[in-house]
Enquirer: 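Take a look at this one; I'll ask things after.
Within every chain, numbering begins at 1; the chains are lettered A, B, ... in the order of the sequence lines, protein sequences first and strands thereafter. The shown structure was predicted, so the numbers you read here are calculated from the model rather than taken from an experiment.
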Number of protein chains: 2
Amino acid sequence: MADHAGRDRVLEATMTVLARDGIHGISGRVIAAEADVSQALVFYHYGSVTDLLATAARTASARRASTYQQRLASVGTLSDLVAEARQLHREEVVNGNLAAVRQLVAAAAIDHHLRPSLQASFDQLAAPVADRIRELTAGTALEGILDPTPLARGVAGSFLGLQLLDGVVLDIEDDALLSLEQLARLGDIVLSAGVLESAVVRRRLQQVTGTGADRPR
Amino acid sequence: MADHAGRDRVLEATMTVLARDGIHGISGRVIAAEADVSQALVFYHYGSVTDLLATAARTASARRASTYQQRLASVGTLSDLVAEARQLHREEVVNGNLAAVRQLVAAAAIDHHLRPSLQASFDQLAAPVADRIRELTAGTALEGILDPTPLARGVAGSFLGLQLLDGVVLDIEDDALLSLEQLARLGDIVLSAGVLESAVVRRRLQQVTGTGADRPR
DNA sequence: GTCTATAGCCGGATAGAC
DNA sequence: GTCTATCCGGCTATAGAC
């Protein structure tokens, strides 16, 4: 049970190599060496390196999706959401999944076949976020004005994008998360303090509806 | 003047190939063919493909930085900021610079030498954003509570990350920008309607300062 | 399913002519 | 600065033994 067959080891090795050498440095030979199998086995099981990458994309996606859905299901405030996101990010940095996804996103920009798997997992990531937005805005003046689904996709996309830049272009702990926590607290205050119910704000919110919420797709 | 020397054409071709074939599909041969020069010339001018990529990273970065700095200098509201960002994004999609940057970020995650150029342009992108945040919060209850520099880096990083996912994992016009515009309007209202000055909010803002604003680096 | 061996192409990089 | 020619190593993929 703990002894994986060659097929599984190859897939596991692909994730490792993707994280370590990137999409630029990946090859059947390197993967085979990492998995400690012969090079021919890679092609026997997956046909081509491209097809293997497609399988890797599905794997990485499935891992992300199941974890995220469970963990985001129970948060009650924006601050909780950010705290949970921070923890999830740390885990994905440590296990290398995020580094692999970064390479797969670059590869998917070129090879259209890789996209559906990544898109599917992104949808599953955004879904619980939309649920939380719905709960948070329920009963406030924002209900019916903000559209939870596209907003959640924007929020999830921003966060995923930020994760992918971490360690390359910025340090997420120094910059983004620090400030996101502040914004989240601010958002929680605005949502809970009833300020949105004031006459001034209510009147101005009509303008938001006017130019933003009706989308002619 | 309109006739570029081989050296420049090679660099230009590198950007084109990066956007079209990605970091996985790039090679001295392909670049040479695109630039319509001999393969040897690539190595004569740049030494190695890796070094050429480093130069490409500096080029792409410089292009982004100068444009962004000028264009973000004059926005007056969050809504303006989002509108300008949308326009900048469209331009960078069309000219292929964004596609090249996407590949360079993936490459920089593996090769540390590529990072400084990308980081430098990111810093130049975040700087005007920090200035706008300073202006927008000046005179409100948020002044002194939000830390403009890390917040700007978080905002800029989220947006850049989102840009890099556009067309691969999501469609920025359908999801993110639509909702970002709504959030921006909402933010503008909160900032301008004076709701932040109410006693309830002022009291609660102390808590934000307590756990977020003092950073022990 | 897994191996060794091999075909044949493509890649980085250099030598030397112009 | 730019070219042609070339070396050699790595890469994908397949054939055939076990």
Enquirer: If the threshold is 4.0 Å, N to carboxylate O, is there a salt bridge linking B:Glu92 and B:Arg102?
Expert: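 No, B:Glu92 and B:Arg102 are not salt-bridged.
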Enquirer: Heavy atoms only, 4.0 Å cut-off, all strands: where does A:Ser38 land among base, sugar-phosphate and nothing?
Expert: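 The answer is base, as A:Ser38 lies within the cut-off (heavy atoms under 4.0 Å) of a base atom.
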Enquirer: Report which part of the nucleic acid A:Val49 touches: base, sugar-phosphate, or nothing (heavy-atom distance under 4.0 Å, all strands).
Expert: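 Since only primed, P, OP1 and OP2 atoms lie under 4.0 Å of A:Val49, the category is sugar-phosphate.
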Enquirer: How many angstroms lie between atom OG1 of A:Thr67 and atom CG of A:Leu88, to the nearest 0.5 angstrom?
Expert: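 Here the interatomic distance stands at 7.5 Å.
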Enquirer: Of the nucleotides C:dT2, C:dG11, C:dT14, which has the atom closest to the B:Val30 side chain?
Expert: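 Nearest to the side chain of B:Val30 among the choices is C:dG11.
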Enquirer: Report yes if a side-chain nitrogen or oxygen of A:Ser27 is closer than 4.0 Å to either non-bridging phosphate oxygen (OP1 or OP2) of D:dC11; otherwise report no.
Expert: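 Result: yes.
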Enquirer: Would you mind checking if A:Arg71 and A:Glu91 are paired as a salt bridge, meaning a charged N to carboxylate O distance below 4.0 Å?
Expert: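 A salt bridge links A:Glu91 with A:Arg71.
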Enquirer: Closest-nucleotide mapping onto DNA chain C: is A:Val37 or A:His24 further toward the 5' terminus? I mean the 5' end.
Expert: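 By nearest-heavy-atom nucleotide position, the 5'-most residue is A:Val37.
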Enquirer: Between atom CG in B:Leu53 and atom C1' in C:dG12, what is the gap in whole Å?
Expert: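 Result: 13 Å.
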Enquirer: Can you find an N or O donor on one side and an acceptor on the other, under 3.5 Å apart, linking the side chain of B:Arg29 with the base of C:dG11?
Expert: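 Per atom types, the contact qualifies.
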Enquirer: Using the side-chain contact (heavy atoms from CB on, under 4.5 Å) definition, which of the options A:Arg134, A:Arg132, A:Glu135, A:Glu143 pairs with A:Pro148?
Expert: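 Result for side-chain contact (heavy atoms from CB on, under 4.5 Å) with A:Pro148: A:Arg134.
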Enquirer: Rounded to whole Å, how long is the line connecting atom NE2 of A:His45 with atom P of D:dT14?
Expert: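 Atom-to-atom, A:His45 to D:dT14, this comes out as 15 Å.
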Enquirer: Between C1' on D:dG10 and CD on A:Gln39, what's the gap in Å once rounded to a whole number?
Expert: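 After rounding, the reported distance stands at 9 Å.
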Enquirer: Do B:Arg29 and B:Glu34 meet the salt-bridge criterion of a basic N to acidic O distance under 4.0 Å?
Expert: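 Looking at B:Glu34 and B:Arg29, the cut-off is not met.
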Enquirer: Which whole-number value in Å describes the distance from A:Ile26 CD1 to C:dG11 P?
Expert: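 Between P of C:dG11 and CD1 of A:Ile26: 17 Å.
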Enquirer: Rounded to whole Å, how long is the line connecting atom CZ of B:Phe43 with atom P of D:dT4?
Expert: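 One finds 16 Å between P of D:dT4 and CZ of B:Phe43, rounded.
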Enquirer: Which whole-number value in Å describes the distance from A:Ile31 CD1 to D:dG10 P?
Expert: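 Those two atoms, CD1 and P, are 17 Å apart.
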Enquirer: Measure the distance from CG on B:Leu41 to C1' on C:dT14 and round it to the nearest whole Å.
Expert: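 One finds 14 Å between C1' of C:dT14 and CG of B:Leu41, rounded.
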Enquirer: Does A:Tyr44 or A:Gly25 map to a spot on DNA chain D nearer the 5' end, using the closest nucleotide for each?
Expert: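 The answer here is A:Gly25.
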Enquirer: A:Ser48 has a side chain; which of D:dA5, D:dA13, C:dT2 sits nearest to it?
Expert: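 Of the options given, the side chain of A:Ser48 lies nearest D:dA13.
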